[in-house]
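Structure record follows, encoded as structure tokens.
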Amino acid sequence: QVAANHTGHNLSLKFASGINSCPRRRIGINTGTLTTAIHGWSPLLTQWASAQMRSSAAALGLMSLPTICSHAQRPVHFLRKMILSETPRNASRVSPMGSLARPMFTTVAPSFKERQRSSVYVRRAGQKIEAAVAVDGDVKNLEPMSWTARSAGAGTLGGAKLGSQVTICGWVDKYRNYGGLVFLDIRDHTGFCQVVSLPDDFPAAHEGCKRVRSEYVVTVTGTLRTRENPNPKVPTGMVEVVAEQVKVLNTVTGSLPFKMSGTTEEDAALSEETRLKHRVLDLRRPRMAANLRLRHQVVKVMRRFLEDEHDFVEVETPILARPTPEGARDYLVPARLSPGACFALPQSPQLFKQMLMVAGVDRYYQIARCFRDEDLRADRQPEFTQLDMELAFTPMEDLMAMMEQMMRKVFKEVKGQDLDSDAFPRLTYAEAMERYGCDKPDTRYGLELVTVSDVVKDCGFIVFSGAVEAGGVVKAIRVPNGKRISNGRVKPKGDIANEAVAAGSRGLAFARVSSDGAALEGAKALVQGLNAEQTAELIATMGAEPEDLLLLAAGDVGLVNKTLDRVRQYVARSLEMVPEGVNALLWVTDFPMFEYNADEDRLEALHHPFTAPNPADMADLRTARAQAYDMVWNGVEIGGGSLRIFRSDVQAKVFEAIGLSREEAEEKFGYLLDAFEMGAPPHGGIAFGLDRLVMLLAGEQSIRDVIAFPKTAGAQCLLTAAPGDVTTSQLEELHVRKIEQTEG
């Protein structure tokens with residue numbers, strides 16, 4: 001122990017035992033007038049002479065000891081006012097810290113292994129500062145950790161507990177020092193509560209409150225009383241805790257990248273990259289903490305509904321499975337014990353849950369992790385979660401009614417909202433595409449698509465007549481009170497026209513209904529290309545009124561639908577036509593069994609090849625409708641399923657329709673086909689995208705805001721730096737060789 005006395009201020013440095021066993025390294029501690037160094041293998045202090053140290057400090061422009069002690073008045077860990085640095089083994093002395101022109105004290109964060117070898121803890125007591133340096137795990141001089149129990153959550157305190165003594169634990173959300181009084185807002189998973197210090201009644205607690213700062217972990221014991229200045233805007237705004245005991249359980253030793261309870265403007269300014277990189281702190285923010293708890297609540301309601309009310313059994317299915325030929329790209333896992341072979345992470349438990357039906361499970365469900373190696377967007381992740389279920393001996397109508405009942409329960413218990421007791425509306429796939437241009441329509445507002453091909457097929461406007469002659473269509477949207485949209489917005493390079501271009505179209509045609517409702521105004525070629533009869537018929541077909549705006553697109557039916565669907569949604573948002581607080585849930589049914597893959601010149605299953613065809617369409621499976629159904633909420637698909645094929649002869653016909661030979665089917669799905677030969681019951685199922693559903697319930701715009709540790713659009717984890725490189729020896733064990741890519 002070495003002590004220096006300078007102008008009445010005492011500083012003591014205590015070096016714990018075990019220094020002789022320290023690895024060959026140097027720990028330098030600069031404290032202004034006192035500079036000491038521990039050299040590897042040697043416990044001796046170098047060149048101790050206070051006079052020389054004072055002169056050295058003056059030459060280097062270092063802080064004086066009284067200044068250092070005044071810094072220690074701040075409750076920030078004194079460790080932040082030191083520098084920990086490793087110097088080369090051949091260095092002879094501690095490097096100077098620089099002049100006053102630069103920040104005087106910095107901290108170089110040691111690695112985890114370095115922290116295991118040496119740690120510095122600093123405790124302040126009055127004007128005396130003690131630094132304990134523990135080397136090689138010697139912690140006998142460290143203050144012991146404590147695990148404190150709370151008596152109540154910070155956000156649960158209310159009038160019922162007035163006058164009682166409570167203990168709350170959590171993080172310091174806000175710190176306000178008004179001289180005589182210190183106010184703290186303590187935050188935990190339940191919410192916030194204000195703590196006030198009374199210096200005359202509880203001086204030690206008051207001093208403890210003065211020392212804390214934002215995000216310190218503390219435990220506070222005190223009496224609950226009514227606030228002098230209540231805040232009815234927060235749940236605990238009528239009460240506060242008078243601090244009688246305050247204990248700091250942990251501090252913050254570095255600067256935080258953002259506030260945990262920032263303003264709306266501060267939260268909006270946070271980049272997603274910063275949030276994902278510091279996800280641990282991001283999840284501490286009240287908004288994110290609430291999202292995680294909402295997710296838990298949704299899962300809890302679903303579990304109770306399925307298990308307690310409908311006798312479902314939760315069964316886990318394998319994560320390491322066999323690659324499948326259909327659907328998105330698989331994530332592959334090389335099998336060390338089977339050289340050259342790979343497992344695939346499951347895109348869904350589809351085949352396993354069907355085999356569970358053959359096994360007699362009857363009603364299966366699972367909160368399933370699924371994986372797809374595909375390009376990402378706001379509502380996609382490479383790994384995602386779905387509520388997966390399968391039922392035997394259950395007709396489609398009964399299954400859909402059960403799912404409606406489950407959604408009513410989720411909305412009631414999670415959002416406190418009652419959904420209409422009537423059955424959800426239904427649209428066939430053909431109706432949805434005709435009226436809305438997509439298979440997941442948002443029906444909260446109008447702006448429906450209307451086909452006007454028959455009206456304009458013989459008109460003089462070649463864009464329309466030519467499209468119909470080529471086998472395409474002409475569709476239009478009526479925008480009521482079209483004066484709200486200027487011509488510039490629908491002309492080329494206007495924002496609405498740009499939406500059409502973004503969908504792949506060359507642009508939009510538009511016309512305005514005159515004030516008398518009898519004529520059209522707009523581009524000369526379009527208006528003059530329609531005769532009086534065609535003009536009148538177009539206005540009538542659209543149900544247009546004076547000064548309405550008509551937006552028209554012509555061409556291939558798929559492109560026209562895609563274009564006007566995008567334009568419809570954009571116009572509704574820009575004109576604020578989407579009502580708040582309205583829940584439009586519906587079913588879309590009767591999907592096509594197959595869609596044409598032009599790149600491979602073959603049919604492929606629109607959903608998956610195990611979907612049962614409509615019995616009325618068995619004569620020609622190529623044009624058959626599937627017994628499939630999707631649940632849509634406000635324009636977002638939240639769940640989808642189908643009745644399944646349970647006979648091997650029908651399954652063989654479906655494989656044949658998509659160009660999968662009997663041999664290929666046996667190789668890929670032989671185990672499922674074998675199961676069908678063992679007495680498979682009629683069955684069907686559905687899966688809900690849990691991430692997407694919770695996103696909508698939480699009012700978020702991205703599923704990344706309702707997943708604890710999500711990936712970026714590049715399928716990377718900024719928190720853990722995954723994916724990461726592996727060693728050559730690891731790859732060799734998996735019988736994998738890395739191929740160096742060359743430029744060009």
Side-chain angles (χ1 to χ4, degrees), residues 326-328 348 350 379 395-401 403-404 407 423-451 453 471-475 477 503-504 553 555-569 584-598 602-645 650 654 657-658 684-689 692:
E326 298 293 324
S348 79
Q350 181 62 48
D379 60 347
M396 185 169 72
E397 293 295 329
D398 293 353
L399 188 153
M400 295 170 72
M403 295 304 101
E404 292 177 13
M407 292 309 299
F424 291 2
R426 297 189 188 185
L427 289 171
T428 66
Y429 174 85
E431 290 172 333
M433 298 302 295
E434 174 67 19
R435 294 170 53 186
Y436 300 99
C438 70
D439 59 3
K440 46 182 182 295
D442 189 342
T443 59
R444 290 176 294 173
Y445 51 91
L447 303 180
E448 292 188 21
L449 283 57
V450 178
T451 300
S453 302
V473 298
V474 180
K475 286 189 171 186
I477 294 174
D556 173 76
V557 62
L559 180 58
V560 168
N561 282 336
K562 183 179 179 181
T563 298
L564 292 183
D565 168 42
R566 181 164 182 148
V567 169
R568 173 181 181 266
Q569 295 184 50
L585 288 102
L586 58 92
W587 291 102
V588 177
T589 63
D590 290 340
F591 287 84
M593 277 286 290
F594 308 107
E595 60 184 350
Y596 179 66
N597 185 328
R602 68 178 183 91
L603 293 177
E604 60 185 16
L606 185 64
H607 284 81
H608 55 68
F610 314 105
T611 300
N614 190 307
D617 301 335
M618 288 296 293
D620 184 6
L621 286 180
R622 296 176 62 86
T623 59
R625 294 165 296 164
Q627 296 195 78
Y629 33 83
D630 283 358
M631 185 182 288
V632 178
W633 175 23
N634 292 351
V636 179
E637 177 197 338
I638 58 174
S642 67
L643 298 186
R644 321 300 190 191
I645 298 170
V650 177
V654 171
I658 62 176
I686 191 170
F688 287 90
R692 198 174 301 176

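When a residue number appears, it is its place in the shown sequence, counting from 1.
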*Can you check whether Gly446's main-chain N or O pairs, donor with acceptor, with Arg568's side chain at less than 3.5 Å?*
yes

*Please tell me if the side chains of Lys440 and Val588 come closer than 4.5 Å, counting only heavy atoms from C-beta onward.*
no

*Check against side-chain contact (heavy atoms from CB on, under 4.5 Å), Phe610 and Ile645*: CA-CA 6 Å; Phe610 314 105; Ile645 298 170; 5.6 Å; no

*Heavy-atom pair of closest approach, residues Phe688 and Gly639*: CD2-CA, 3.8 Å

*Taking all atoms of both residues into account, what is the closest heavy-atom pair of Gly437 and Asp565, and its distance?*
O-CB, 3.8 Å

_Shortest non-hydrogen contact between Asp439 and Phe591, atoms and distance_ = OD2-CE2, 3.8 Å

*Roughly how far apart are Asp556 CG and Thr563 OG1, rounded to 0.5 Å?*
9.5 Å

*Does Thr451 use its side chain to pair, donor to acceptor, with the backbone of Ser453 at less than 3.5 Å?*
no

*Would you give the length of the straight line joining atom CZ of Arg644 to atom NE2 of His608, rounded to the nearest 0.5 angstrom?*
4.5 Å

*Count the heavy atoms of every other residue, nucleotide or ligand shown that sit under 6.0 Å from CZ of Arg426, and state whether that count exceeds 12.*
yes

*Spacing of CD belonging to Glu404 relative to CG belonging to Leu586, to within rounding of 0.5 Å*: 10.5 Å

*asked:* Checking the side chain of Asp590 only, and the main-chain atoms of Tyr429 only, is there a donor and an acceptor separated by less than 3.5 Å?
replied: no

*Apply the test side-chain contact (heavy atoms from CB on, under 4.5 Å) to residues Val632 and Ile638: give CA-CA distance (whole Å), side-chain angles for both, the deciding distance (0.1 Å), then the verdict.*
CA-CA 6 Å; Val632 178; Ile638 58 174; over 6 Å; no

*Arg435 side, atom CZ; Thr428 side, atom OG1 - distance, nearest 0.5 Å*: 9.5 Å

*Carefully, step by step, assess Glu434 and Lys475 under the rule salt bridge (Lys or Arg N to Asp or Glu O under 4.0 Å).*
CA-CA 9 Å; Glu434 174 67 19; Lys475 286 189 171 186; 3.7 Å; yes

*Derivation and outcome, side-chain contact (heavy atoms from CB on, under 4.5 Å), residues Phe424 and Met403*: CA-CA 10 Å; Phe424 291 2; Met403 295 304 101; over 6 Å; no

*asked:* So does Pro613 get a backbone contact from the side chain of Gln627, meaning a donor-acceptor N/O pair under 3.5 Å?
replied: yes

*asked:* Between Arg625 and Asn614 (side chain of the first, backbone of the second, donor and acceptor by atom type, cut-off under 3.5 Å), is there such a pair?
replied: no

*For the residue pair Thr589 and Met400, what are the closest heavy atoms and their distance?*
CG2-CE, 4.1 Å

*Report yes if some heavy atom in the side chain of Leu621 is under 4.5 Å from a heavy atom in the side chain of Phe594; otherwise report no.*
yes

*Looking at Val654 and Met593, what are the two nearest heavy atoms and their distance?*
CG2-CE, 4.1 Å

*asked:* Just so I know, are the side chains of Arg444 and Asn634 near enough to count as touching, which here means a heavy-atom distance under 4.5 Å?
replied: yes

_Are the side chains of Pro425 and Thr443 in contact, using a 4.5 Å heavy-atom criterion?_
no

*Which heavy-atom pair separates Gly685 from Tyr629 by the least distance, and what is that distance?*
O-OH, 3.0 Å

*For the residue pair Gln569 and Tyr445, establish whether any side-chain heavy-atom pair is separated by less than 4.5 Å.*
yes

_Just to verify, what does Asn597 make a side chain to side chain donor-acceptor pair (under 3.5 Å) with, not counting sequence neighbours?_
Glu604

